[in-house]
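Residue numbering restarts at 1 for every chain, and letters A, B, ... go by the order of the sequence lines.
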Protein chains: 2
Amino acid sequence: MVKPDIVFVARLAGVSPATVSRAINHPELVSAATRRKIDLAIEKSGYIRNRAAQAMHGKRSATIGLVMPTISNMIFAEVTQAFNDTVSDQGFTLLLASHGYDLDTEYRLIRKLFEHRVDALAVIGLDHSHGTFRMIAEQRVPVLAIWNYAPDSALPCIGVDNREAGQLAAQHLVALGHRRIGMVFPSTVDNDRARGRQAGAIAVFQAAGVELKDHWRIEVPYNIAQAKSAIAELLGRDDRPTALLCGNDVIAQGAIYAAARLGISIPQALSVIGVGDFAGSAQVEPTLTTVRIPARQIGVSAGQVIVDAVSRSDPDFMVRTRIDLDLIMRASTGMPADARRAG
Amino acid sequence: MVKPDIVFVARLAGVSPATVSRAINHPELVSAATRRKIDLAIEKSGYIRNRAAQAMHGKRSATIGLVMPTISNMIFAEVTQAFNDTVSDQGFTLLLASHGYDLDTEYRLIRKLFEHRVDALAVIGLDHSHGTFRMIAEQRVPVLAIWNYAPDSALPCIGVDNREAGQLAAQHLVALGHRRIGMVFPSTVDNDRARGRQAGAIAVFQAAGVELKDHWRIEVPYNIAQAKSAIAELLGRDDRPTALLCGNDVIAQGAIYAAARLGISIPQALSVIGVGDFAGSAQVEPTLTTVRIPARQIGVSAGQVIVDAVSRSDPDFMVRTRIDLDLIMRASTGMPADARRAG
DNA sequence: AATAGCCTTGCAAATGTTTTCATAGAAAAT
DNA sequence: ATTTTCTATGAAAACATTTGCAAGGCTATT
């Protein structure tokens, strides 16, 4: 019992392979009667069409590649889900790869995706290796950058302006009257998201004359455990800031837990603000003030745009969509103690 | 400028296509000199081999399918990451699909994966539709069930005994002296994980003579927001339990936040236990007592087993690996108030 | 009644690669 | 010097499908 192929099905239905192929891909071209016979033969034989053979014919492979820094982090799980749902509804299957924030690995993974002849490719952010950009240009396949927006991006992009995200967060702290502010960010090498947010925040602080002390600026990985312990160490010192601007909500949650552990009350003694508004940020106690990045919306739009580009088979499409950010004020930020006394 | 294929590269290198193919797949069969020429031609032309054509030849497609209920939930993100890392190291690429806890959707997705001729397939849990089982049997492709262990499973499996997980959690509460216990679980239809845990817990409670009140048992989706609000409602009533056994850590985190919101102190006035030990469970305040499911370990073992089955091309392999559970005692559970007085 | 046009189907070529078999030349053994 | 054994390469078949072209049978039009 070998696997049934299209000629087996054809024989079983008493028609030619060509007709079976048509019945599957262009049902309107074959008469209702033969279609029924063929459906029956397919059912009976357990035939499953071979996409590889189809793709070889220059047709679509019906796959879309998605490359992310990591999957196991709340940060990207939500976009991935939304993106997958959207393209999946249109009959595509997702080829997933994750590179652990390493752009050389990313290059190798993207190459593999091209080997599989993905119909389109989505990547996170606009930071990529030179080789990656060259390969993408050669392949003539629609490629979309997700998560980041830049008006002058080399690739089509759908996402937010991370600089603005940093600004919004910083402005909120400044407006509340904070002057003693700490910053907790992940490494900014190979990570344009974090870099943009940090730059935006620093610009605002400088314009407002807020001095950033070096020992209140720490670098931690995207990881609650390490964020919590590093921040606990920072907050344990004698001289501590009245507010913490965190590179994202994962780190901000770490900050909230660290404060809870040390008995520092939020927002009375410490304000914490994050970026992202991930699942859980609205539920932590105290609930987290953050700059909302609408992950689901980004994933859905990205899916639509990319499916559209594929169906127009337009590798040179250009789209730059800026998704709006919102400052979500919750319970983790407030005026610093001295300002409260003064006001 | 069309895309270079293997004959283009061959011409460029001054050899036959067969030699190029060999240089790529069995480098040891071609002389160092020609290999160099070919590498150069590949580099120069930007050639990327076509896996579809390769797969069509009856060779491996170098893809592995993974079907999950959902990706956007901490629960599965970690296994997915570990599994992906493992198979990716061996040269495979992941085809991902998520069905939103619907087994008919799952059937359709698995069919699509088979269309793409995945070399192997991993699914979550042992609950699947009849059609799915039939299709899997017909396809002669290694299939592995992840996350769940059962000694009599129809499919090879690697995972934990969910019944035991429920028992461990229940025993811990009983041992602490709790008698007034609430249970918060997701829907158990089409979800053997939740079903097993619930059954295990109930068995222990009955054996211990603990009476489970209906109005202390609620059903919520896997979702912090809804878990928190439903639990807050439960805890807001006059008559409330001294302990909450939660179907997993996501729900347990919701319980912790709900208690915090209501000013109910954990563990003095309420004990909370979860199942899973997801990222964050060790950092919440109070830190969460839970039954640890080693997600990373499961993902890695699963990846190894499945790659092994593929390389032996053994569709009928059978493996049943039971991964050990551990009760992780943290700060969210303690003796009930009356027991403390008595003791 | 004859012709034109449409609908349905089959034939065969094409797709990009791998692999079996064959061959030519070189190296080794006699 | 002749035969044997290797090694490196090429020619061609095979893989499962799609599609352009052609043809046969109808219906509709005149």
Exactly one candidate in A:V143, A:T105, A:V118, A:V123 meets side chain to side chain contact (heavy atoms under 4.5 Å, CB included) with A:I110; the answer is A:V123
Review point. For the residue pair A:Y101 and A:F76, does the interplanar ring angle fall in the parallel (under 30°), tilted (30 to 60°) or perpendicular (over 60°) class?
Key: tilted
Separation between CG (A:D104) and OG1 (A:T132), nearest 0.5 Å, reads 8.0 Å
CD of A:Q54 to CE of B:M56, rounded to nearest 0.5 Å, is 12.5 Å
Hey, are A:D39 and A:R35 close enough for a salt bridge, meaning a charged N less than 4.0 Å from a carboxylate O?
no
Here the residues of residues 48-56 of chain B within 4.0 Å heavy-atom distance, strictly under, of DNA chain D are B:M56
Residues in residues 15-31 of chain B with a heavy atom under 4.0 Å of DNA chain D, by number, are B:V15, B:S16, B:A18, B:T19, B:R22, B:V30, B:S31
Separation of D:dC15 atom P from B:H57 atom NE2, nearest Å, is 8 Å
Rounding to 0.5 Å, atoms OH (B:Y222) and CG (B:N73) come to a distance of 8.0 Å
A:R117 atom CZ is separated from C:dT15 atom C1', nearest whole Å, by 12 Å
To the nearest angstrom, the CD1-C1' distance between B:I6 and D:dA12 comes to 15 Å
Atom NZ of A:K3 and atom P of D:dT17 are separated, to the nearest Å, by 11 Å
From OH of A:Y47 across to P of D:dA16 the rounded distance in Å is 10 Å
note: B:R11, atom CZ; D:dA11, atom C1'; distance rounded to Å ~ 15 Å
Here the distance between atom C1' of C:dT8 and atom CZ of A:R36, to the nearest Å, is 15 Å
When rounded to whole Å, the CZ to P distance for the pair B:R60 and D:dC15 reads 17 Å
Interatomic distance, CZ@B:F83 vs CG@B:L66, rounded to 0.5 Å, equals 5.5 Å
How about A:S129 and A:E106: does a side-chain donor come under 3.5 Å of a side-chain acceptor? no
_Applying a 4.0 Å non-hydrogen cut-off, can you work out what A:F8 is touching in the nucleic acid: base, sugar-phosphate, or nothing?_
nothing
Which of B:V307, B:V300, B:D308 passes side chain to side chain contact (heavy atoms under 4.5 Å, CB included) with B:Q304? Answer is B:V300
